[in-house]
Amino acid sequence: MSNLKTITRNTFLYTISSVLQRASSIIFFPIFSSYLTKGDYGIQGVIYYIAAILNIIGEMQLSRVGTRLIYDGNDVNENVRRIYGMYFIMIIIFKCLLGGFLYFTGPYLLKPFLNDISFDPYVTLTLVAMPASGIYGLYKAYLQATDKGTKFIKVDMLYFLSNVSLNLYFIIVHGMGVSGLLLSTIISSVLFAIYAYFDLFRKTYLRIDFTLMKESLRLALPLLFFILLGLFVDGSDKIILNSKLGKDVSGIFYIATMLAAFFNVFRESSNQALIPWFYREKKKTSDARIAQSLFLSFGAMCIVGLGISYFSYEMIYILSGNKELIDAYQFTPIIIVTALIVYVSQFYLMIVMFYKKHTRWLFITTLSGWIVNMASCYILIDYFGIYGAAISNMLGMLTLTIIKGWLSKISGYHLNWKIFASLIVLTQGLSLIIFIPMPYLLLLAIIVIILLICLYVLYRYANKIINVNLKNNFWLCS
C-alpha cells in the first residue's frame, strides 16, 4: 500500500511540474510576444531544437540507465555513490568535448540549417549552457529514481521560477530578445548545478570505473539512437523550413506549434492516465470494452482539438500585442490533427509494450517517420511553404502510426483503425470551415453549433458505454 501511495503521489507531482512548464509558453505569451518578433520566435524554435539534440547526445541517456542500475544488488546507497559520481564526470567531459568541437566547426557544419540565424551569440550561448544543464538534469533523474518526488517538484519549480524571472528581466528591462532567454538558461543551470553538487555529487565517488562505464554505454547507446530518432521525426520540418525560407517564416510556424502545445497538455495528461489503466484492465476486461474506452477518449481529444483550431485566431489576437504573429492561426488545424495522429500512435505503442513480442522493431517506426518527414519537406516546402512543413510532419507521424498499428495487430490485438481514421478526417474537415469567407457572427454561430453537436454525440456514446458496463456488472453480480 505504501508503494502504491508513493507511485500515486509522485505521478501527481511530476504531472503538475510537467503541465506547468508546458503551459508556461502560453501563460507568458502575451508578455513575450510584445517584445519578440516573428524572427525571434524562428530563432528560438531552431536553437531550442539544436539544444535538445546536443543535450541528448552529450548526456548519452546516462540518467535513464542510472535509474536501472542503482537497483542492481542490495546496497542502493552505495550504487548511487558509484554510478552518479562517475556519470557526473562523464557528462561534464562529453559535453565539454562536444561543445568545444562545435564551437570551432559549428559555424561551417550548422550554416545550412541556421540560414539567416547567426551562430554567435545564439549557438555559442547554447554550448556554454550544456555542462551545467547536464548536471542539473542528472540530479533531477536521481531524485526521480530514488522516489524523492516532493523534493523534485520543489527544486524544479524553483528552477522554473528563476528561469522565467530572468527571462522577464533580460527581455523587458534590457531588450535582449532570444539572447536573454539563453542567458537565463545559463545562469539558472549554473546555480542549480552548484546546488546539485553540494546536495548530491560531492558525496559520491568522483572517479571513472571502466567496467561500470562499459556496462552503462552498452545500455545507453541503443536508447540514445531511439530517442534521437524520435526527436528527428518531430523536428526535421522546423529545421528544413528555416534552412529554405529563413527565420521569419519558421517563426510563424513555431507560434502555430505553440498553440498545438496547448492541446498537447491535454493529450499527454490523458495518455498518462490511460497507460496504467490499460495495463491494469487488459487482463480482466474484454478487448471490446477497452476499445470503447479508447474511442471515447480519442473522441474527447478530437473535440478539444477542434475547439483550439476554431479559436486559434482569437487566442493569438487576444493574447498577443504583436499582430505580425496572427498569420500562425492558419496552420493550427493541420498541426492539431497531426497531434491527434500521434495520440493514436500512443495507443498502439501501449499495446505493443504490453505484449512485448515486437518491441525490438519499434525503432523502425521512428526511422520510417523521419525519412518520410525529411523527404516530404524537401519536396513540399518549396511549393507550399509552411503548409508544406506541416503536411510533411503529418505524413511522418502517419507513417509512424501505421507501422505501430501493424506491430500492434501482429502482437495479437486488433484496434479498429477505421474509426480513428474516420474521426481524424472528420475533425480535419470540420476544422477547415474557419477559412470559408462569411460574416464573423455567422461563422461563430456555426462553430458553436458544431461543437455542441459533437459534445452531444460524445455524451450519448459515453452514456451507452456506462450503461452497458453497469448492466454487465449487474449480471455478473447476480
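Judged purely by atom type and a 3.5 angstrom limit, Tyr254 has no side-chain atom pairing as donor or acceptor with the backbone of Ile43. In terms of modelled atom types and a separation under 3.5 Å, the side chain of Ser345 and the main chain of Val342 share a donor-acceptor contact. Side-chain atoms of Asp116 come within 3.5 Å of backbone N or O of Lys247 as a donor-acceptor pair. A donor-acceptor pair under 3.5 Å links the side-chain atoms of Ser408 to the main chain of Tyr413, judged by distance alone. With hydrogens and angles ignored, the 3.5 Å screen pairs a side-chain donor or acceptor of Ser133 with a backbone N or O of Met130.
Atom OH of Tyr71 is surrounded by more than 12 heavy atoms from other residues, nucleotides or ligands within 6.0 Å. Counting non-hydrogen atoms of other residues, nucleotides and ligands closer than 6.0 Å to NZ of Lys409 gives a total of 12 or fewer. Surrounding CZ of Phe113 are at most 12 heavy atoms belonging to other residues, nucleotides or ligands under 6.0 Å away. Within 6.0 Å of atom NZ in Lys203, more than 12 heavy atoms from other residues, nucleotides or ligands are found, so the atom counts as buried in its surroundings.
Side-chain atoms of Ser368 and Thr399 include no donor-acceptor pair closer than 3.5 Å. Side-chain contact of Tyr136 with Ser188: a donor-acceptor pair under 3.5 Å is absent, judged by distance alone. Asn55 and Lys95 share a side-chain donor-acceptor pair at under 3.5 Å. Between Asp120 and Tyr103, the side chains place no donor N or O within less than 3.5 Å of an acceptor N or O (distance only, hydrogens not considered). Tyr87 and Ser216 share a donor-acceptor pair across their side chains, judged by distance under 3.5 Å alone. For the 3.5 Å distance criterion, the side chains of Asn167 and Ser184 qualify, holding a donor opposite an acceptor.
Checked against the 6.0 Å centroid threshold, Tyr84 and Phe88 do not count as a close aromatic pair. Side-chain rings of Phe347 and Phe420 approach one another, their centers coming within less than 6.0 Å.
The minimum heavy-atom distance linking Thr204 with Arg81 is given by the pair CB-O, 3.3 Å. Counting all heavy atoms, side chain and backbone alike, Cys302 lies closest to Leu423 at SG-CB, 4.1 Å. Of all heavy-atom pairs spanning Pro131 and Cys96, the tightest one is CG-SG, 4.1 Å. In this structure, Ala390 and Ile335 approach most closely via the heavy-atom pair CB-CG1, 4.4 Å.
The closest side-chain heavy-atom distance from Met301 to Tyr343 is below 4.5 Å. Counting only heavy atoms from C-beta outward, the side chains of Leu138 and Phe201 approach each other to under 4.5 Å.
Pairs of residues two or more places apart, or lying in two chains, that qualify as ring pair (Phe, Tyr, Trp, His ring centres under 6.0 Å) and include a residue from residues 360-412 are Phe232-Trp370, Phe331-Tyr387.
For the atom pair Lys111 NZ and Leu114 CG, the distance stands at 7.0 Å (nearest 0.5 Å).
Residues satisfying the side-chain hydrogen bond (donor to acceptor under 3.5 Å, both in side chains) criterion with Asn242, sequence neighbours excluded, are Ser250.
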